[in-house]
Peer 1: 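Submitted below is the structure of interest, expressed as structure tokens.
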Amino acid sequence: MISLSGLNQPQRTAAETIEGPVLILAGAGSGKTRTLTYRIAHMVDNLGISPRQILGVSFTNKAAREMRERIMTLLGSRKARGLTLSTFHSLGVKILKKEITRLGYHKNFSIYDMSDQQAIIREALKHYKAEKTFDKKIIHSKIGLLKNKGISVDDFADTPFFDDEDPYDHATLHVYQYYEDKLRFYNAIDFDDILFLTVKLFRKFPEVASEYSRQFQYIMIDEYQDTNGLQFELVMGLTREHNNLCVVGDDDQSIYSFRGADISNILNFEKNFPGAKIIKLEENYRSISPILDLANRVIEENKNRRDKTLWSQKPSEFKPILWQMADTDHESQVVVDEIVKHQGSGGHLGDIAVLYRSNTQAQAIEEQLRLSQVPYTIIGGQKFYEKKEVKDLMAYLTVINNPSDQLALRRILNIPHRGIGNRTLDKYLELATQKNINLFEAMRSQPDLDPRRETPIKEFIGLIEDFQSYFQQKPLEESLSLLIDKTSYLEFIAKQYDSAKQVERRKTDVMMFIESAERFSKFYQGSATLQSFVEKLILQDSQDNQNLDEDEDDDIRRNEVTLMTLHSSKGLEFKIVYLIGVEEEILPHKKTILEGQGIDEERRLCYVGITRAQEKLIMTYCKERKIYGKMTVRHKSRFLCSDKVMPIIVEQDRTTFGHLSEEEAKQYKKDFFQGLREKLGD
DNA sequence: TCGTCCGGCGTTTTT
DNA sequence: CGCCGGACGA
């Protein structure tokens, strides 16, 4: 029996309201995950609902994993067995793997990422002749937008999204068509298709939607403010046979509209799901009151939001601080100086985060941290599977799994060099078009197309075919190691790079790849196919991999300062938060000021930043800043200018040491220059 | 096929 | 100010 007595009243109501549509408006730090885990545990343990009937959907693997772990702690793994907790995308893949043949795809489809998409779009634009040249990025994002609105290429021209006068839309139509044809031919689907095809499946075969809806009698969606049109339609499909839908979210933390997230999904919930029960979680367990006061006053300026006021039982005298700095150098020096002081007095660096609007702002801080030899990590950056070596090996696995995948095939055709260059490739592409077969088939059927290339072609085809059977018979990591061996891939890397350090780094990536295959096959045992392995890698974010690799315990942060964007910080908390560059044209960003739209979302971003801090919030802005090489005068962000906000923050001018007494200022200057000399001395 | 030069542009990015 | 992508030349 699970006791809900540890929950506060609204949390408890949320955990106990099981039937019908429920919207849990969970303010920042209000114990959302706790509420959800107790809700599920309560359903299973107290109400006797089978875990097989429960579906929990989140956006990140991390969130899904965390939820699972916490439910395991409450219920134990035996009682939790059969529970489905996954991301939107992995749920989509799971459904498609079973049903995609209904849409005319083979089961062994490949999943294309951004760079694969770009490659096809580039190709499509080459074929499209017009006087104008087109920006492939604009077209790429338009196709993405269309897919996320659930609009197929066949329907595009009949929608309001198509403007007959606009040459860009005509180009987009052409590229979209070409793109879809290619994906079909390669037996590949893209990231957006994972959701789009699932939705198409539900549209075309309502009985399939009903089947899943009957299986999942109780559905929970996390971070509902970030759902887009497709995800909404997917949810509608899954609730065809009942309306036991519980969504959790916070409209004030909706910061992903540029990726298609539609805040109206959460704002209109009770319109879409009549009879919905709305529960507000407003008690915050994270921050001291002055920080929440600031957060409330900043966000209440937004119109068109659900009224919420965060409060906590942690009063404090410490007001949030706003520092005015001379320029970016000064900003980073003062911040890092402050961090060093914290470290010097025995403070833990894992308690500190430096947050910023855009990645470029990290550079100055990073440099300063390095100079002061303060350990740090930067969140974000390149994903594991985007590394060149990993992509190469993944392309091998992809071709072995799905030889129709021409993009992957072309990537590895001459890696390592085997004398099959572009001339040979072109000949085979022509042959393939002529005979209407795929590239792999073309090579296999006529290896002697160019007699001088017969041997390498035959060897290559043989290699792929050999490994098709190896991978069926032997464990994943064993076949993979053999593949790397047979292709002399490591020797190839060694030849590619001049510096030994580079070679070492790349080889480490390869080793990490093998290790992840090993872990994967250990975990999934019999069901560890190479397709599911590649899928897993693509659907996984970089942080998952870090966690997988290091096997560290999550509760204790390492003794390192964390640097990240405001976007990446959502959901996290730190004792001390430095929010840097709270400045017009940064937060809100220049582009949104110019467009006059999206200022609300910038304000929400500011709100997200503020609510990350538990005990100490320090915000900064600069008087001057070098923009594209030119010094420019800067102003404090409008978000901190209102009459309501000013009295509850402490603003200090750090350029004049105005935060110190005269005596202290003298000492500080002395220390500062002493410190500077030491750093330069190194 | 690769290197180099010039012009344009410059956010955020859970999968 | 720098990076990236396209164009063009060796």
Side-chain angles (χ1 to χ4, degrees), chain A residues 57-66 86-94 111-114 117-118 122 125-126 133-137 140-141 144 147-148 189-196 198 221-228 230-231 234 249 253-261 328 355-363 379-386 414 417 421-423 425 535-545 564-572 581 585-595 598 601-602 604-606 608-609 625-632:
Chain A
V57 186
S58 59
F59 275 81
T60 64
N61 294 299
K62 197 176 156 208
R65 200 182 331 116
E66 198 179 310
S86 76
T87 64
F88 272 106
H89 286 80
S90 45
L91 177 70
V93 168
K94 204 183 262 175
I111 298 174
Y112 279 2
D113 70 0
M114 296 265 286
Q117 290 178 291
Q118 269 167 22
R122 195 179 306 136
L125 271 175
K126 270 191 199 144
T133 55
F134 296 94
D135 182 346
K136 65 175 187 300
K137 266 166 113 182
H140 190 170
S141 66
K147 287 197 175 193
N148 279 308
I189 71 175
D190 68 23
F191 246 78
D192 299 323
D193 281 335
I194 295 175
L195 300 177
F196 193 15
T198 312
I221 313 285
D222 194 11
E223 304 282 12
Y224 192 67
Q225 76 282 353
D226 291 333
T227 49
N228 64 28
L230 275 183
Q231 285 151 344
L234 194 63
Q253 294 184 72
S254 166
I255 54 174
Y256 282 103
S257 74
F258 67 94
R259 289 186 89 256
T328 43
L355 309 181
Y356 35 81
R357 172 69 234 257
S358 68
N359 285 309
T360 51
Q361 291 172 262
Q363 283 172 15
I379 306 286
Q382 205 180 31
K383 290 175 178 167
F384 182 62
Y385 81 83
E386 281 169 354
N414 210 21
H417 300 302
N422 269 347
R423 282 202 56 107
L425 174 66
E535 253 160 33
K536 174 105 182 167
L537 282 173
I538 289 193
L539 293 180
Q540 208 164 47
D541 56 293
S542 50
Q543 265 183 284
D544 284 353
N545 268 298
M564 67 185 136
T565 62
L566 287 166
H567 281 90
S568 321
S569 76
K570 200 175 73 170
L572 305 176
E585 302 197 343
I586 291 185
L587 187 66
H589 192 270
K590 189 174 184 180
K591 208 151 194 167
T592 63
I593 297 175
L594 287 174
E595 286 169 0
E601 186 153 315
E602 297 290 307
R604 293 195 285 268
L605 219 34
C606 184
V608 166
R625 182 179 293 264
K626 229 182 209 166
I627 306 269
Y628 311 137
K630 225 176 86 189
M631 265 305 181
T632 325

Peer 1: Under the 5.5 Å and 30° test, is A:Phe88 stacked on the base of B:dT15?
Peer 2: no
Peer 1: Taking side-chain hydrogen bond (donor to acceptor under 3.5 Å, both in side chains) as the definition, give me every residue that meets it alongside A:Thr227, ordered by chain and number, with sequence neighbours left out.
Peer 2: A:Asn265
Peer 1: What distance, rounded to whole Å, do you find between the two C1' atoms, one in B:dT13 and one in C:dG2?
Peer 2: 23 Å
Peer 1: Specify the separation, in whole Å, of atom CD of A:Glu223 and atom P of B:dT14.
Peer 2: 13 Å
Peer 1: Rounded to the nearest Å, what distance is computed from the CD1 atom of residue A:Ile189 to the P atom of nucleotide B:dT15?
Peer 2: 17 Å
Peer 1: With respect to the phosphate group of B:dT13, does any side-chain polar atom (N or O) of A:Ser568 fall under 4.0 Å of OP1 or OP2?
Peer 2: yes
Peer 1: Looking only at atom P, what distance separates C:dC1 and B:dT12, rounded to whole Å?
Peer 2: 22 Å
Peer 1: Identify, with sequence neighbours excluded, every residue that meets side-chain hydrogen bond (donor to acceptor under 3.5 Å, both in side chains) alongside A:Asn414.
Peer 2: none
Peer 1: Rounded to the nearest angstrom, tell me the gap between atom CG in A:Leu539 and atom P in B:dT13.
Peer 2: 19 Å
Peer 1: So which nucleotide from B:dT14, B:dT15, B:dT12 ends up closest to the side chain of A:Phe59?
Peer 2: B:dT14
Peer 1: Can you tell me the distance, in whole Å, between the CD atom of A:Glu585 and the C1' atom of B:dT12?
Peer 2: 17 Å
Peer 1: Dump every N/O contact between nucleotides 8-11 of chain B and the protein below 3.5 Å, one line per pair.
Peer 2:
residue	atom	partner	partner atom	Å
B:dG10	N9	A:Tyr628	OH	3.4
B:dT11	O4'	A:His589	NE2	3.1
B:dT11	O2	A:Arg357	NH1	3.1
B:dT11	O2	A:Arg357	NH2	2.5

Peer 1: Does a donor on one side chain sit under 3.5 Å from an acceptor on the other, for A:Gln363 and A:Gln361?
Peer 2: no
Peer 1: B:dT13 C1' sits how many Å from A:Asp192 CG, rounded?
Peer 2: 12 Å
Peer 1: Map every base of DNA chain B to its dot-bracket character, where paired means a Watson-Crick or G-U wobble contact with both distances under 3.5 Å and | marks a partner outside the strand.
Peer 2: ||||||||||.....
Peer 1: Restricting to ring-ring contact (aromatic ring centres under 6.0 Å, His included), what partner residues turn up for A:His567, sequence neighbours left out?
Peer 2: A:Tyr256, A:Phe258
Peer 1: In chain order, what residues pass the salt bridge (charged side-chain N to carboxylate O under 4.0 Å, His left out) check against A:Asp190, with sequence neighbours excluded?
Peer 2: A:Lys147
Peer 1: I'd like to check the side-chain hydrogen bond (donor to acceptor under 3.5 Å, both in side chains) partners of A:Arg259; sequence neighbours left out, ordered by chain and number.
Peer 2: none
Peer 1: In chain order, what residues pass the side-chain contact (heavy atoms from CB on, under 4.5 Å) check against A:Leu425, with sequence neighbours excluded?
Peer 2: A:Arg410, A:Leu413, A:Asn422, A:Leu429, A:Leu439
Peer 1: With no angle test and no hydrogens, is the base of B:dT14 tied to the side chain of A:Arg259 by a donor-acceptor pair under 3.5 Å?
Peer 2: no
Peer 1: Looking at A:Glu585 and A:Arg625, is there a salt bridge between them, counting it only when a charged N and a carboxylate O are closer than 4.0 Å?
Peer 2: no
Peer 1: Starting at atom CG of A:Leu234, determine the distance to atom P of B:dT15, rounded to an integer number of angstrom.
Peer 2: 17 Å
Peer 1: For A:Gln231, which residues count as a side-chain hydrogen bond (donor to acceptor under 3.5 Å, both in side chains) partner, sequence neighbours excluded?
Peer 2: none
Peer 1: Check the distance between B:dT1's C1' and A:Leu425's CG and give it to me in whole angstrom.
Peer 2: 15 Å
Peer 1: Given B:dT13, B:dT14, B:dT15, identify the nucleotide with an atom nearest to the side chain of A:Lys570.
Peer 2: B:dT14
Peer 1: Respond yes when some side-chain nitrogen or oxygen of A:Asn61 is under 4.0 Å from OP1 or OP2 of B:dT14, and no when none is.
Peer 2: no
Peer 1: Within a strict 4.5 Å, meaning less than it, do heavy atoms of the A:Tyr356 and A:Leu566 side chains meet?
Peer 2: no
Peer 1: How many whole angstroms separate atom CD of A:Gln118 from atom P of C:dG6?
Peer 2: 10 Å
